[in-house]
Amino acid sequence: MIKTFISAAVLLSLPVAAYAGERSFTRDGVTYVYTAEQRGETTVISGKSLPGGSAYELTVRGKRVTGHVGGNPVSFRIAKPLVGKVETAQR
C-alpha cells in the first residue's frame with residue numbers, strides 16, 4: 001500500500017515537460033529526485049527518495065504502471081496516460 005502511494009505520488013506530481021534532466025518534489029517530508037525518459041510509447045521514471053535513498057524505477061504504458069520501489073514490485077493503473085512531448089509554437 002505504501003509502495004503504491006509513493007509510486008502514485010511520483011506520477012501525479014510530474015510536470016508535463018519532465019522528460020529531460022533531473023527533477024524533484026517533496027511530499028509529506030520526503031523528497032523524490034527522478035528523471036523521466038520517453039522511449040517510444042513508454043515513459044521510464046527512475047529515481048530515489050530522500051532521506052533513506054530508496055530507489056525506484058517505473059514504466060508507464062498508457063494507463064498502466066509497473067516497476068520496482070525499494071526493490072519491491074509495484075503495479076497499478078492511473079486515471080489518464082501521461083502526456084508525451086510538449087509542442088510549442090515558434091515565431
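This one's a predicted model, so the numbers in the text were calculated from it and none came from an experiment.
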query = Where is the tightest heavy-atom contact between Gly70 and Ser54, given as atom of each residue plus distance?
reply = CA-OG, 3.4 Å
query = Which heavy-atom pair separates Gly62 from Ile78 by the least distance, and what is that distance?
reply = O-CD1, 4.0 Å
query = Could you state the interatomic distance from CG (Leu82) to OG1 (Thr42), rounded to the nearest 0.5 Å?
reply = 11.0 Å
ask   = Tell me, which pairs form a salt bridge (charged side-chain N to carboxylate O under 4.0 Å, His left out) where one or both residues lie in residues 39-62, sequence neighbours left out?
value = Glu37-Arg39
message = Checking Thr26 now: which residues fulfil side chain to side chain donor-acceptor pair (under 3.5 Å) with it, not counting sequence neighbours?
response = Thr31
inquiry  = For the OH atom of Tyr32 and the OG atom of Ser24, what is their distance to the nearest 0.5 Å?
reply    = 12.5 Å
key: Minimum side-chain heavy-atom gap Arg27-Phe25 below 4.5 Å   = yes
query = How long is the gap from CZ on Arg23 to CD1 on Ile45, to the nearest 0.5 Å?
reply = 12.5 Å
request  = State whether a side-chain donor-acceptor pair under 3.5 Å links Arg64 with Thr59.
outcome  = no
request  = Find out if a path of hydrophobic residues (ILVMFWY) with successive side-chain heavy-atom gaps under 4.5 Å connects Val44 to Val69.
outcome  = no
request  = Search all heavy atoms of Glu22 against all heavy atoms of Val33 and return the closest pair with its distance.
outcome  = CD-CG1, 3.2 Å
note = Smallest heavy-atom separation, Gly29 atom then Pro51 atom, equals O-CD, 4.2 Å
